[in-house]
Number of protein chains: 2
Amino acid sequence: MPVTIRDVARASGVHISTVSRTFSAPHLVNPETRVRVLACAEDLGYRPNRAARALITGRTHNIGLIIADIANPFFPPLIKAAESQARHRDYHVFVADTNEDAAAEEELVHALAKQVDGVLLCSPRMSNSLIEQLSREVPLVVVNRQLAGLPCVLMDVGQGARSAIEHLAGLGHRELALLGGPRGSWTSREIRRAASAAARAAGADLTVLGPNPPTETGGLAQAEQVHRAGVTAVLAYNDLMAIGLLEGLDALGVRVPQEVSVVGVDDISLSRLTRPKLTTVATPTAAAGRTAVDMLLQQDTDLPRTTRGGGATVAVGVRRTTAQVMLQTELVIRDSTGPGPYAGRERPGTAAAGPGPHRRADPGNPVVAAGDVVAS
Amino acid sequence: MPVTIRDVARASGVHISTVSRTFSAPHLVNPETRVRVLACAEDLGYRPNRAARALITGRTHNIGLIIADIANPFFPPLIKAAESQARHRDYHVFVADTNEDAAAEEELVHALAKQVDGVLLCSPRMSNSLIEQLSREVPLVVVNRQLAGLPCVLMDVGQGARSAIEHLAGLGHRELALLGGPRGSWTSREIRRAASAAARAAGADLTVLGPNPPTETGGLAQAEQVHRAGVTAVLAYNDLMAIGLLEGLDALGVRVPQEVSVVGVDDISLSRLTRPKLTTVATPTAAAGRTAVDMLLQQDTDLPRTTRGGGATVAVGVRRTTAQVMLQTELVIRDSTGPGPYAGRERPGTAAAGPGPHRRADPGNPVVAAGDVVAS
DNA sequence: CTGAAAGCGCTAACAA
DNA sequence: TTGTTAGCGCTTTCAG
């Protein structure tokens, strides 16, 4: 039933290799033959079998996308952008969900390795050394994790956390808390590092609570702790946790932002819909997805996979280019942050309202323009 | 570099066909040989190449998942459940996003057809006849669309819409509006049909506004119309639109539920987070994903794909079983609905508060238990 | 129970 | 420019 190259060859009266060439190297075939073959292919509804093709070319034209949790609203825009970008370049995307489980990540990379030309590892939870090891099995691009020898797409959450803390300190908050993210998260460490430094610089205390699951429940569960700790402002690992915290504080009768200010990270679409609307550090998720795919496919074109004869695969020359791209983040000030107990004191210039609200601007297409290359 | 069946054969001193059997028909191989082969495979890190295998078996062990819009929060839980269920059964999932575009759907089915054993079409926008035609190219399971000859997973939004309208009428609303969904959506038609009938039965007027894009913006854009139409209660095609409407009404200074009641459909996680919390018809998205995958794989096991000799593919006997599964929905009453102008009049028994709030219960694993088979 | 051989759909030398 | 041939990694008859 499925129509193969042979059917087309028969129909157009040429050898199958001519049909093959018509699709994979059209310039090597006589224009007249080409149109005839194309016509036959068309009305037989022929489509090359990519898997069969992959067997010999070594390129599947598929990529893998490994995601910690598809249901976490942070990821869908990234998935969508990655899939769209991949498809524009004639690649298809396997999507796999690991449920935030490091072991599942490893297994998935193995399972997908032979079926794809490369894998995007998004917010991985496994160790750096394991990632490096896996990268010898299949080309990898890592999102939200910095690794020396590998191409990475990073979001500058450090800068974001700093802005958030400065915003809060500027509003007169001195007792701050940080709701940490999950164990193994590079993002969580970055936020913690930057937030601690910024708090110190601003002469504020920062209590770290966590690690926590990066979910609404995770935030909700810490509401009482936050309340008891007597802090007046909280930075959460992500918006989901911030929203959970909002709910928890509401249940405890704590008013936001009058008694406690809350800042999230990500700017998921939900954050404009809570009451109060969430102040948050916007991360360019869609751009990250596009960029990561670009980097993976770039690498893919650079690296010849197979050489005929002997069946041995020979890595020809080209060393992997391991650019690391850092995408900018931006503090979006909404309604969940307000003046703290020291407002107007000690830092007169900045205490009033902070800078005017920013709107998140999702960067456009170009890879390099989307961020700064921090290493290569 | 990639280790093949031949490497394992060499290492364990047997013929490649024995290695092959060790993996695809272990019972046909001497236990002692088997363990030896397995051991060699293990420490060489051998994994069968599924694409090569597919070439001869006719089964790729992949499925395709075609989604109108990954970023629409309705879909991620479905994708997650489908991917998880597929993987449990040793299948991988291609995910593709169509941006609500019917033409893209068709192209994607073609593009994926050869690489998968079947495709899940979720909330398709293309015509029934086209879907039927495509189903001759690759096994299809359709979610949120009813088609005579094809396996479908449906959610009983008709019942849901009826409950919603009855709930509103019971609260004393007589002037109702329906925000319709996108053109080509079966769900939208079902809701409209059921809502109209229920309104008529309750002696209420129902103004239909639409079609609309199934997004927050789509709902927001209709706020003024709703206000101007003078209705006191609105049923929206989905939660996203309902939430947009909430925002729009808020901007117009219209209070919910005091002046206008709003009901959504889907019960996306967001709906518990808006203020007021959204009353909505919960749809069992995760169960739909699982069920659809089950039906697809069931079909896949039923339908032998290839027969050796002559290379012709022969459909052997078995007719496709085209069960249609209808999953239950449930009205979840929260804070966006309240008494209307006729509260307490004319229908004394029901006007007060309606039935107590329900919590959405996501049905468990089993396919058939998850709903009623309405046809087969 | 195991080996030999053919071939899935396709591409890539090599010859003509 | 086209046909011939070998073979990608694997499964599956068919003999032995």
Side-chain angles (χ1 to χ4, degrees), chain A residues 1-10 12-37 41 44-61 113-115 117 304-314, chain B residues 1-10 12-37 41 44-61 113-115 117 304-314:
Chain A
M1 194 60 186
V3 27
T4 81
I5 202 173
R6 233 173 296 269
D7 301 315
V8 180
R10 199 175 309 122
S12 46
V14 296
H15 195 262
I16 59 163
S17 52
T18 302
V19 179
S20 173
R21 274 182 217 113
T22 306
F23 287 93
S24 41
H27 58 280
L28 292 182
V29 78
N30 184 315
E32 291 176 24
T33 330
R34 194 196 308 158
V35 298
R36 186 154 39 92
V37 171
L44 289 181
Y46 169 75
R47 302 245 172 178
N49 181 326
R50 303 176 136 216
R53 180 182 276 178
L55 209 49
I56 194 161
T57 61
R59 338 207 74 108
T60 60
H61 265 242
K114 291 265 191 31
Q115 289 190 85
D117 296 338
R305 293 281 291 274
T306 46
T307 321
R308 305 299 309 282
T313 300
V314 184
Chain B
M1 196 61 187
V3 26
T4 80
I5 202 174
R6 233 172 295 270
D7 301 315
V8 180
R10 201 175 308 124
S12 46
V14 296
H15 194 260
I16 59 163
S17 51
T18 303
V19 178
S20 173
R21 275 182 216 110
T22 307
F23 286 92
S24 41
H27 58 279
L28 292 183
V29 79
N30 183 318
E32 291 176 24
T33 329
R34 194 195 309 160
V35 298
R36 188 155 39 91
V37 170
L44 289 182
Y46 169 75
R47 303 243 170 178
N49 181 326
R50 304 176 132 213
R53 180 182 279 178
L55 209 49
I56 194 160
T57 61
R59 337 207 78 108
T60 60
H61 264 242
K114 290 266 189 33
Q115 291 189 86
D117 297 338
R305 293 283 291 275
T306 45
T307 320
R308 306 297 312 282
T313 300
V314 184

Test item: [X] side-chain N/O and [Y] main-chain N/O as donor-acceptor pair under 3.5 Å:
| X | Y | value |
| --- | --- | --- |
| B:T22 | B:T18 | yes |
| B:R34 | B:P26 | yes |
| A:R21 | A:V29 | no |
| A:T60 | A:Q115 | yes |

Over all strands shown, is B:Y46 touching base, sugar-phosphate only, or nothing at heavy-atom distances under 4.0 angstrom? sugar-phosphate

Nearest whole Å is fine: how far is [N] [atom2] from [X] [atom1]?
| X | N | atom1 | atom2 | result |
| --- | --- | --- | --- | --- |
| A:R53 | C:dT11 | CZ | C1' | 9 Å |
| A:N49 | D:dC8 | CG | P | 18 Å |
| B:I56 | C:dG9 | CD1 | C1' | 11 Å |
| A:Q115 | D:dC10 | CD | P | 12 Å |
| B:D7 | D:dG9 | CG | P | 9 Å |
| B:L55 | C:dC10 | CG | C1' | 8 Å |

Produce the list of close N/O pairs, under 3.5 Å, pairing protein atoms with atoms of nucleotides 1-3 of chain D; give distances to one decimal.
unit_1 : atom_1 : unit_2 : atom_2 : d
D:dT2  : OP1    : A:T33  : OG1    : 2.5
D:dT2  : OP2    : A:N30  : N      : 3.0
D:dG3  : OP2    : A:H15  : N      : 2.9
D:dG3  : OP2    : A:T18  : OG1    : 2.7
D:dG3  : N7     : A:S17  : OG     : 3.4
D:dG3  : N7     : A:R21  : NH2    : 3.1
D:dG3  : O6     : A:R21  : NH2    : 2.4

Who passes side chain to side chain donor-acceptor pair (under 3.5 Å) against A:R6, sequence neighbours left out? none

Out of C:dG9, C:dT11, D:dT12, which has the shortest distance to the side chain of A:T57? C:dT11

Just N and O in the side chain of A:T4: are any of them under 4.0 Å from OP1 or OP2 of C:dG9? no

Under a 4.5 Å cut-off applied to non-hydrogen side-chain atoms, are A:I16 and A:T4 in contact? no

